[in-house]
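Below: the structure, in structure tokens.
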Amino acid sequence: MLVTLANNWEDGRNRFNKRGEALFGAWLDDELAGVCGLNIDPYVTGRREGRVRHLYVGATHRLNGVGRQLVWSAIDKARKHFPVLNTRSPETAFGFYETLGFERLDGDEGATHRMKLARPTASARPKE
């Protein structure tokens, strides 16, 4: 997965630089513990939806909240740009995404889970 991420960055296919996109990294000390990307969903046509992509957490950092924090960062950013956030994950990660609030999809070849994102209103935003 990381090789695909690096290759797509290197050849310019995916630089996470379109409106609403981002690539997040979690560092613990001097070590990259995990990454998570947010893209415009390339598998959806006719609608502007976001997609969690390339979530990877190093083996020594799993089960300590790194993945959760990375996906929450993607969700927070996505709320400002997309009405829906999709992902496609292996069955072993279904529980992880469902715990974060994603709903399982049946019969969708492009995504296993979707989260509907309510855009915050001005009155619902936290005061700074």
Side-chain angles (χ1 to χ4, degrees):
M1 186 181 306
L2 291 177
V3 170
T4 300
L5 174 65
N7 288 342
N8 289 346
W9 181 279
E10 186 94 6
D11 68 19
R13 277 185 284 171
N14 190 356
R15 292 274 174 94
F16 301 91
N17 59 357
K18 295 177 185 162
R19 188 176 76 79
E21 295 186 336
L23 179 61
F24 302 95
W27 293 86
L28 295 173
D29 297 320
D30 292 333
E31 184 177 359
L32 181 63
V35 295
C36 180
L38 171 63
N39 283 120
I40 296 169
D41 194 329
Y43 303 103
V44 174
T45 56
R47 301 183 313 271
R48 185 172 169 84
E49 297 181 4
R51 186 174 193 90
V52 173
R53 298 183 81 189
H54 303 295
L55 174 63
Y56 178 80
V57 176
T60 59
H61 301 292
R62 292 180 187 154
L63 301 175
N64 67 2
V66 171
R68 185 174 49 250
Q69 290 300 318
L70 285 165
V71 174
W72 273 117
S73 295
I75 292 168
D76 286 343
K77 171 97 175 165
R79 285 186 198 284
K80 298 171 187 158
H81 299 279
F82 306 108
V84 171
L85 187 58
N86 301 315
T87 194
R88 182 172 54 206
S89 75
E91 193 170 337
T92 56
F94 281 12
F96 170 77
Y97 283 103
E98 291 163 16
T99 299
L100 293 173
F102 284 80
E103 295 178 9
R104 190 179 311 188
L105 298 174
D106 292 319
D108 188 328
E109 290 184 28
T112 59
H113 290 80
R114 174 171 291 143
M115 176 184 280
K116 292 180 182 173
L117 301 172
R119 293 187 180 198
T121 63
S123 60
R125 291 191 182 131
K127 305 266 187 219
E128 293 185 25

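Everything numeric here is computed off the predicted structure, so don't read it as measured data.
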* To do: Search all heavy atoms of Ala26 against all heavy atoms of Val66 and return the closest pair with its distance.
  => CB-CG1, 3.7 Å
* Asked: Just how far is it from atom CZ of Arg88 to atom CG of Asp41, taken to the nearest 0.5 Å?
  -> 9.0 Å
* To do: Return the minimal non-hydrogen interatomic distance between Arg19 and Arg48, and the atom names on each side.
  => O-NH2, 2.7 Å
* To do: Spell out, as yes or no, whether a donor-acceptor pair under 3.5 Å connects the side chain of Arg51 to the backbone of Thr87.
  => no
* Asked: When clusters are formed by joining ILVMFWY residues with side-chain heavy atoms under 4.5 Å apart, either directly or through shared neighbours, do Leu32 and Phe16 land in the same one?
  -> yes
* What distance do Arg53 atom CZ and Leu5 atom CG have between them, rounded to the nearest 0.5 Å? -> 9.5 Å
* Asked: According to a 4.5 Å side-chain heavy-atom criterion applied to Ile, Leu, Val, Met, Phe, Trp and Tyr, with indirect links allowed, do Phe96 and Leu85 form part of one hydrophobic cluster?
  -> yes
* Go through Val84 and Arg47 one step at a time and tell me if the side chain to side chain contact (heavy atoms under 4.5 Å, CB included) criterion holds. => CA-CA 10 Å; Val84 171; Arg47 301 183 313 271; over 6 Å; no
* Keeping the roles fixed (side chain from Thr112, backbone from Ser89), state whether a donor-acceptor pair exists under 3.5 Å. => yes
* Applying side chain to side chain contact (heavy atoms under 4.5 Å, CB included) between Phe102 and each of Met115, Lys116, Arg114, report the one that passes. => Met115
* Asked: Any link between Tyr56 and Trp27 through a network of hydrophobic side chains (Ile, Leu, Val, Met, Phe, Trp, Tyr) touching at under 4.5 Å?
  -> yes
* Asked: Should we say atom CZ of Arg68 is surrounded by more than 12 heavy atoms from elsewhere, each under 6.0 Å from it?
  -> no
* To do: List the atom of Leu117, the atom of Ala78, and the distance in Å for their closest heavy-atom pair.
  => CD1-CB, 3.7 Å
* Structure fact -> Closest heavy-atom pair, Glu21 versus Ile40, reported as atoms and distance to 0.1 Å, is OE2-N, 3.0 Å
* Asked: What pair of heavy atoms forms the shortest contact from Val52 to Cys36, and how long is it?
  -> CG1-SG, 3.7 Å
* Asked: Checking Asp29 side chain against Glu31 main chain: does a donor-acceptor pair fall under 3.5 Å?
  -> no
* To do: Of all the heavy-atom pairs spanning Phe82 and Asn39, show the shortest one and how long it is.
  => CZ-O, 4.3 Å
* Determine, using the 4.5 Å side-chain heavy-atom cutoff (strictly less than), whether Leu100 and Leu38 are members of one ILVMFWY cluster. => yes
* Asked: If Ile, Leu, Val, Met, Phe, Trp and Tyr residues are connected whenever their side-chain heavy atoms lie under 4.5 Å apart, and connections chain through other members, are Val71 and Leu28 in the same group?
  -> yes
* Please report the C-alpha distance between Asp76 and Phe24 in whole Å, then the side-chain angles of each, then the deciding distance to 0.1 Å, and finally whether the side chain to side chain contact (heavy atoms under 4.5 Å, CB included) criterion is met. => CA-CA 12 Å; Asp76 286 343; Phe24 302 95; over 6 Å; no
